[in-house]
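All values below were derived from every heavy atom in this structure, side-chain atoms included, with hydrogens, water molecules and symmetry-related copies excluded.
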Amino acid sequence: MPSAPPVVDAFFTVTEPNDRETGFVTRGGRAARFDWDTGRMADGARPLERLWPALPAAFRSGFDAAMVTADPWTMVFRGSQCLLLNPLDGSVAEVGTIAARLPGLPQPFSQRIDAALASGTGQEVYLFAGNQCARYDLRAANVIEVAPLERMWPGLAQHAPQFRAGIDAAVRHPSRGTFHFFRDAAFTRGTLANRTVTDAARPVDDTTWPGLVPTFAPGFVYVQVGLNIDVVDLAADRVVETLDIAPHSDSTTALQISPDGRLLYVWTHTQRLCVDTTTRRIVADLPFTGGASPVGGVAFSAGGSLVYGATQNWEQGKLYLDTFRAGTTERTQRVELRAQDLRVTPSAQGGGAGVQADSIRADVCPVVASPDGRFVYLGVALDGRGAVVEVDVQAGRMRQAFRLPAGEAWTTVVSPDGIHLHAAGRDGVFTFDVRTGAVVAQGKLPGCTALALSRGGDGLFCLPWDSKEGLLIADPLTHTIRRRIPVGGSGGPGDPHAIAFDYAGTFAYLSEEHSNAVVVVDTETYDLVRAIPTRDGQRPMSIAVGPY
């Protein structure tokens, strides 16, 4: 049976000016940061040449191995070559060969090093090639010993026998005196002081290394095409599966991926389904309480364990915010949203928007959660006028409301700091300060079918109702348009309908109705990367992107 592809090519840790220990993980031609304090990936994967433009061409397609020799200077290996890289400022020095840099190394070390690990004390390092390990003294520039991995690292044969044939990457934990070896899709751990492997090999997944696998996964696009949801493999740019779900032709579908990428929620007027993206099977068919459901989709708690969605019981004239345990039909909370609850003005509760109303109802009802998961925002109609209400899900009550100066809210998004709420519909884009209820910006951007914020929150992506606008990138607070990106065929402005970002936030994916394609836009350069035609040239609608 062939082995799984490596999840890590190189892994090294440097100390930032604020004394924070930051890991850098590379795979292929991309790199991403790992936060040792939180134990999670800190950002999305970016091309090596974009992170470190001074890298020679030979190193831009990937690193074989890397180790920190004089923090932050890192020795990087690629084939028979090596160099010194300062990953904090991107400078590169002493480009040369392994044979010249580390004289005395036997074959195959001088031709390729698979992994490298600094001891953490003095100038002693460990170099790995195939099933061999070389212990090397950088100061004396000589080989101390060369031995098979299982002899150099006691416990390896017992705890991780598959690692005896070689490892893909090695990294030292900056504060615990431990090391990690990676091979294929597994890792093991040990104590560096006595070079002893102590842990059984385990899979690299979101439990052991949160975010690492999805950060580098090519990913999949889930796109509503006609009455089906097609799955596009981004590694091949083609449809590989059509889900056995048929949204009604006269209803809008909301598609959303859970924070860990393992659940896809399909939300329509008559369906509320949860699909396991790893098996592509329905795992939860969420119940109704009568009437029809708004199609604004769902929002997730900060850790992704809870899912929030709205239900409108038209017969009873009641609107609810329901909370479910993710991936199940278990409802953990139901908050009835009543207009009379807004008559207690938030100013008496420590600030907020003092809006009063006699009636509340939902139509599309977009749903979005604050970054900390405490508040959920729903687009509604108060006395027939568009508004967004804020529900405190910890307290289980509606707290305040924000009236739109015009129209209804078809799409909403919250800033990463939780301070600014952006809402849009046919009548434009409006930004509120949730602390005061004040309108921060309005009147500059056209009506939009969808809004999205870049991962860092510094770019507001707007999909205008007008097909002549293309994709707009605006300043989130001033609404000044920074870029207009044509996303239609043959360079035309296009007619984007929906937008979703990949797990790392590196690319934006748009369902483009003019050219019947999924359009990919680089979120850093704002370049249109490519267009992926839909199956049989059908019109794409809702869209979601996930790693699985």
Mind checking side chain to side chain donor-acceptor pair (under 3.5 Å) for R539 and listing every partner two or more places apart, or none if nothing turns up? E513
Side chain to side chain donor-acceptor pair (under 3.5 Å) involving R482 - partner list, sequence neighbours excluded: D475
According to side chain to side chain donor-acceptor pair (under 3.5 Å), does anything in residues 370-387 pair up with another residue at least two apart or in another chain? List the pairs. S359-D383, S370-D372, R374-D392, Y377-E390
Would you mind reporting whether [Y] and [X] have side-chain heavy atoms less than 4.5 Å apart?
X: M541; Y: S511; value: no
X: F24; Y: V14; value: yes
X: V521; Y: T523; value: no

Cation over ring, [X] on [Y], under 6.0 Å and within 45°?
X: R334; Y: Y320; value: yes
X: R262; Y: Y548; value: yes
X: R280; Y: F220; value: yes

Could you state the interatomic distance from [atom1] ([X]) to [atom2] ([Y]), rounded to the nearest 0.5 Å?
X: Q340; Y: R338; atom1: CD; atom2: CZ; value: 5.0 Å
X: L460; Y: D458; atom1: CG; atom2: CG; value: 10.5 Å
X: I485; Y: E469; atom1: CD1; atom2: CD; value: 13.0 Å
X: H420; Y: D433; atom1: NE2; atom2: CG; value: 4.5 Å
X: T74; Y: F12; atom1: OG1; atom2: CZ; value: 5.0 Å
X: R50; Y: D522; atom1: CZ; atom2: CG; value: 4.0 Å

Is a donor on one side and an acceptor on the other found under 3.5 Å between the side chain of [X] and the backbone of [Y]?
X: R60; Y: P53; value: yes
X: Q333; Y: L321; value: no
X: T534; Y: N516; value: yes
X: W465; Y: P446; value: no
X: E512; Y: H514; value: yes
X: T411; Y: A450; value: no

Ring pair (Phe, Tyr, Trp, His ring centres under 6.0 Å) assessment of F461 paired with F501: CA-CA 11 Å; F461 287 63; F501 295 112; 5.3 Å; yes
Tell me, please, which residues at least two apart from D71 pass salt bridge (Lys or Arg N to Asp or Glu O under 4.0 Å). none
Test of understanding: with salt bridge (Lys or Arg N to Asp or Glu O under 4.0 Å), list the residues that count as partners of R426, not counting sequence neighbours. none
Within a reach of under 6.0 Å around CZ of R238, are more than 12 heavy atoms found that belong to other residues, nucleotides or ligands? no
Side-chain H-bond candidate by donor/acceptor type, E21 with T13, under 3.5 Å: no
Pair R455 + D43, salt bridge at N-O below 4.0 Å: no
Considering only NZ, NE, NH1 and NH2 on the basic side and carboxylate oxygens on the acidic side, decide whether E408 and R361 come within less than 4.0 Å. yes
Test log, rule ring pair (Phe, Tyr, Trp, His ring centres under 6.0 Å), inputs W36 and F11: CA-CA 12 Å; W36 285 104; F11 197 162; 5.7 Å; yes
Suppose we screen for ring-ring contact (aromatic ring centres under 6.0 Å, His included). Which residues come up paired with Y509, at least two apart in sequence or across chains? none
Quick one: are the ring centres of Y308 and F324 less than 6.0 Å apart? no
From L451, V388, L378, residue fulfilling side-chain contact (heavy atoms from CB on, under 4.5 Å) relative to T412: V388
Show, in sequence, the C-alpha distance, side-chain angles and deciding distance for R20 and D37, and conclude whether the salt bridge (Lys or Arg N to Asp or Glu O under 4.0 Å) test is met. CA-CA 8 Å; R20 192 177 188 88; D37 288 342; 3.3 Å; yes
